[in-house]
Amino acid sequence: MMLRVSEKIKVPLFSIAASLLLAGACGKTDEPVSPYVDKDIPVITGYLNEITDSVHFSSSDGLFEYAARAIENMDVFFPKEIMDLMYLQNKTELGLRNYIDVGVNPDGTSKLHFELCNFTYRTVDVHGNPIMLSGSVAFPNNSDEERSYELNDITLYSSHYLLPHTLSPTENGSPAMLRVMFNNMVVMPELQGNGGSYGQVETADIVADVAARQSIDCELAALELVGKLGLKMGRDYGTYNMGASKGAFTAMAVQRALETTEVPDIRKAVNLKSSYCGCGPYDLSGALEYYCRMGGEMNFPWFVPVAVKNVFDSYRELFVGYGLPDFFTDRFNDAYTLLEAAVSQEFSWEELNSLFFEYGFTNIKSILNGRMFDASGMPDRKDSLYSLFDKCLQANNPACGWKPGVPVLIAASPGDDFVPYGTTRKTYEQLAVGDMGIPNENVIWKEMADNVGHIAAAELCLIDMLMYRNPALQLEPFQ
């Protein structure tokens, strides 16, 4: 499938940060803030670049072993739930046949094969320049020799935030691959600065319209890959869009982009069915306010300098006259190696926490320059530097500027020790109120049953995503 976009389009296909959001949709910003402003964006006429490598699984056992390794490497906190999930391996042959007519071998085992392909694709970077990124796609298959399988649907899975780069989908696979058991093609994008572009370009993970565009372009490349491999999509195929933690931020940005784009061919090609957004940091401005109101102590303090650098790198034209050290205290600047460690993608969350706690950087005010806070200790929006920074955060809240027209499930845990529960609940309430104050039934709230912290809650969301054909609606569990 080759999608051609009109040459008349000179703005990002999915950018609303410079229009809807900053025209007052978020309520606070009063001027355009977008890395795309006044830039001509190159038109993409073919998304797929090339297949870089592939792995073939001749049995469902191979897939589950690969996914189990990916789960183990994610350092999951809930081994019982994961073991229950992996227990599905014992049900695989029966379960897959419930969804896919695979036939059986003489010994009674499934004939179903699986394939995991890594590829590169064309998109644009945070400044609107052409860039080549990487992604992975997993799909069920009939045999080594033949790729003629008709796939029911697509799962677009956005990865967790700040995993070590060695655990990227192209290097390590992903638990999301298990969704091939629903006869899905599972698409796993790697955004700029991640996976194949690690070390070549700065990340822009919290720039919502960029994350959305790069993710959707990856799916469009995967659809081109379907044709190259001799596969085909079912007549009524659609996309299940999902992610947890930072992946939930991206997933919500993807849905907003698809529902607001003026390019109908892209909306039609993706055909979004639903989204599952688990424990995502949508409102970073509100989160910083919350932590300041609570005294400034954080369980994941390394995220503050990461967010600062992400914004500074993406919006340098706005910060003329400022340097990165201007954001931080003298003491934190003296410990600059901590910032380098936080953005290096060489460390896990737990390792970064240990470093920051060891050096005494557990409070926002020990990290950010004192000029950014007023006398009461709250963020000072009258300060020129903080004001710019805050506008960038608000401009990239993916919950602003739209109302969902297809189902989106927003999950949260009251015990989340990274994303404040109140900000997630506010995001839900903002989206759940439709036109004329009528409730929007497309917006679904799910509160995690256990009062668990962020990492555990995100992993429980992941299990949710793997267990249901349509996870947002909790329909058709895998048996």
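On a predicted model such as this, the values are computed, not experimentally measured, just so you know. The basis for the numbers below is simple: all heavy atoms, side chains too, and nothing from hydrogens, waters or symmetry mates.
- Closest approach of Asp326 and Gly323 over heavy atoms only: OD2-N, 2.7 Å.
- Residue Ala342 comes nearest to Leu352 through the heavy atom pair CA-CD2, 3.7 Å, listed as atom of the first residue, atom of the second, then distance.
- When the options Val308, Leu324, Val304, Val306 are evaluated for a side-chain contact (heavy atoms from CB on, under 4.5 Å) with Leu339, the one that passes is Leu324.
- Checked by atom type and distance alone, the side chain of Arg469 never pairs as donor or acceptor with a backbone atom of Leu475 at under 3.5 Å.
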inquiry  = Let's go through Thr120 and Asn49 carefully: what are the C-alpha distance in whole Å and the side-chain angles of both, what is the deciding distance for side chain to side chain donor-acceptor pair (under 3.5 Å) to 0.1 Å, and is it a yes or a no?
reply    = CA-CA 5 Å; Thr120 54; Asn49 180 48; 2.8 Å; yes
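- When each of Trp349, Phe356, Phe357 is checked for a ring pair (Phe, Tyr, Trp, His ring centres under 6.0 Å) with Phe300, only Trp349 meets the rule.
- Side-chain N/O atoms of Tyr315 and Asn396 include a donor and acceptor closer than 3.5 Å.
- Among all heavy-atom pairs drawn from Tyr47 and Asp217, the shortest one is CE2-OD1, 3.2 Å.
- Taken to the nearest 0.5 Å, the OH atom of Tyr157 stands 4.5 Å off from the CG atom of Leu462.
- In terms of heavy atoms, Ala251 sits closest to Tyr276 at CB-O, 4.3 Å.
- Taking the six-membered ring for Trp and the full ring otherwise, the centers of Phe327 and Phe319 sit less than 6.0 Å from each other.
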inquiry  = Run Thr123 and Gln214 through side chain to side chain donor-acceptor pair (under 3.5 Å) and show every step you take.
reply    = CA-CA 6 Å; Thr123 183; Gln214 293 177 356; 5.2 Å; no
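- At distances below 3.5 Å, not a single donor-acceptor pair connects side-chain atoms of Gln255 with backbone N or O atoms of Leu272.
- The CG atom of Leu288 sits 9.0 Å away from the CG atom of Asp283 when rounded to the nearest 0.5 Å.
- Between the OG atom in Ser174 and the CZ atom in Arg179 there is a gap of 11.5 Å [rounded to 0.5 Å].
- In this structure, NZ on Lys246 lies 5.5 Å from CG on Leu191, to the nearest 0.5 angstrom.
- If you check the side chains of Ser285 and Arg381, you find a donor sitting under 3.5 Å from an acceptor.
- Minimum interatomic distance between Gln430 and Ala399 (heavy atoms only, all atoms of both residues): NE2-O, 3.1 Å.
- Contact detail for Pro189 and Tyr121: the closest heavy-atom pair is CB-OH, 4.3 Å.
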Residue pair Asn470, Asp153: steps toward the side chain to side chain donor-acceptor pair (under 3.5 Å) verdict = CA-CA 10 Å; Asn470 188 333; Asp153 290 300; over 6 Å; no
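- Within a 6.0 Å sphere centred on OH of Tyr290, heavy atoms belonging to other residues, nucleotides or ligands number 12 at most.
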task = Test salt bridge (charged side-chain N to carboxylate O under 4.0 Å, His left out) on Glu202 and Lys309 and set out the steps.
result = CA-CA 9 Å; Glu202 301 289 351; Lys309 190 172 188 305; 3.0 Å; yes
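- Ring-centre distance between Phe347 and Trp302: not below the 6.0 Å cut-off.
- The closest donor-acceptor contact from the side chain of Ser197 to the backbone of Asn194 lies under 3.5 Å.
- Side-chain polar atoms of Ser376 and Asp374 form a donor-acceptor pair below 3.5 angstrom.
- The distance from atom CZ of Arg371 to atom CG of Asp380, rounded to the nearest 0.5 Å, is 9.5 Å.
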task = Kindly indicate, with the supporting measurements, whether the criterion side chain to side chain donor-acceptor pair (under 3.5 Å) is fulfilled by Glu297 and Thr362.
result = CA-CA 6 Å; Glu297 290 293 318; Thr362 61; 2.9 Å; yes
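- Atom CG of Asn299 and atom CG of Asp417 lie 4.5 Å apart (nearest 0.5 Å).
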